[in-house]
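Single-structure report; data block below.
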Amino acid sequence: INAESKESVYHSFKQLAYELIQDFSESFSFPEMMNKLKHEFKKRSGKWLLIYDNIKSFEDLESNFPFSILEWGEGGVILTTRNENLINKN
């Protein structure tokens with residue numbers, strides 16, 4: 001996932017949805033698309049990895065970050081950034 005901006009996160013998830021969702025439609029709203037994408041990840045529980053690349057601000061991707069196993073299923077996440085000021089709050 002290109003995490004440089006909110007727009008790049010949106011476009012990255014849209015491309016991923018296009019690849020993973022069988023009945024993908026350009027008419028899906030972003031929340032509808034994300035719900036379908038989360039469902040796909042849940043079906044692959046334990047078998048997925050998301051890489052958020054070049055995070056400039058965690059706030060830009062926070063609403064689309066897999067915090068909840070109940071929503072996303074189990075998987076892995078890798079974050080990359082050049083921003084030395086980002087702080088791991090966990």
Side-chain angles (χ1 to χ4, degrees):
I1 302 297
N2 179 344
E4 290 185 42
S5 67
K6 285 183 182 182
E7 292 79 21
S8 63
V9 169
Y10 168 80
H11 290 295
S12 294
F13 273 114
K14 186 174 180 180
Q15 181 63 38
L16 187 59
Y18 177 78
E19 297 293 331
L20 294 180
I21 300 171
Q22 270 187 329
D23 64 345
F24 177 79
S25 170
E26 289 287 337
S27 67
F28 289 161
S29 67
F30 188 72
E32 182 180 14
M33 180 188 75
M34 287 304 297
N35 285 335
K36 288 181 176 284
L37 201 50
K38 289 175 189 178
H39 178 73
E40 288 298 319
F41 279 102
K42 264 182 100 168
K43 288 190 331 191
R44 295 168 167 80
S45 194
K47 299 178 183 174
W48 58 263
L49 173 66
L50 276 178
I51 301 170
Y52 290 89
D53 187 35
N54 201 16
I55 298 168
K56 299 221 186 246
S57 167
F58 188 74
E59 288 79 24
D60 287 345
L61 62 95
E62 190 169 12
S63 63
N64 300 303
F65 192 83
F67 289 110
S68 171
I69 290 174
L70 296 175
E71 285 184 39
W72 291 77
E74 291 188 56
V77 177
I78 294 175
L79 308 173
T80 70
T81 186
R82 294 183 193 140
N83 184 345
E84 296 176 8
N85 296 315
L86 282 180
I87 297 171
N88 182 353
K89 295 180 184 178
N90 292 331

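We're numbering straight along the sequence, starting at 1.
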Exercise for the section: May I ask you to list the residues sharing a hydrophobic cluster with Leu70, side-chain cutoff 4.5 Å, ordered by chain and number? Expected result: none
Handout entry: Charged N-O contact under 4.0 Å between Lys36 and Glu40
Key = no
Handout entry: side-chain contact (heavy atoms from CB on, under 4.5 Å) between Met34 and Asn64, intermediate numbers included
Key = CA-CA 8 Å; Met34 287 304 297; Asn64 300 303; 3.7 Å; yes
Practice task
Measure across Ala3 and Ser8 and return the closest heavy-atom pair with its distance rounded to 0.1 Å.
Solution key: C-OG, 3.9 Å
Problem - side chain to side chain contact (heavy atoms under 4.5 Å, CB included) against Ser27, all qualifying residues, sequence neighbours excluded - result: Ser25
Problem - Whether over 12 other heavy atoms sit under 6.0 Å from Tyr18 OH - result: no
Practice task
Taking all non-hydrogen atoms of both residues into account, name the closest pair between Glu26 and Phe24 and its distance.
Solution key: OE2-CE2, 3.9 Å
Handout entry: Side-chain ion pair, Lys6 and Glu59, N-O less than 4.0 Å
Key = no
Completion exercise
Phe65 meets the ring pair (Phe, Tyr, Trp, His ring centres under 6.0 Å) criterion, sequence neighbours left out, with Tyr52, Phe58, Phe67
Exercise for the section: Output, in order, the C-alpha distance, side-chain angles, deciding distance and verdict of side-chain hydrogen bond (donor to acceptor under 3.5 Å, both in side chains) for Thr80 and Asp53. Expected result: CA-CA 5 Å; Thr80 70; Asp53 187 35; 2.6 Å; yes
Exercise for the section: Supply the atom-to-atom distance Glu62 CD to Ile55 CD1, rounded to the nearest 0.5 angstrom. Expected result: 11.0 Å
Practice task
For Leu16, check side chain to side chain contact (heavy atoms under 4.5 Å, CB included) against everything at least two apart and list the hits.
Solution key: Ile1, Phe13, Leu20, Leu37, Phe41, Leu50
Exercise for the section: Run through the side-chain heavy atoms of Ile, Leu, Val, Met, Phe, Trp and Tyr, join any pair under 4.5 Å, and report what else lands in Ile78's cluster. Expected result: Leu49, Ile51
Practice task
Rounded to the nearest 0.5 Å, what's the gap from CG on Asn83 to NZ on Lys56? Could you check?
Solution key: 9.0 Å
Practice task
Sort and list the pairs that fulfil side chain to side chain donor-acceptor pair (under 3.5 Å) and have at least one residue in residues 66-79, not counting sequence neighbours.
Solution key: Lys38-Glu71
Practice task
Quick one: closest heavy-atom pair of Val77 and Pro66, and the distance?
Solution key: CG2-CG, 3.6 Å
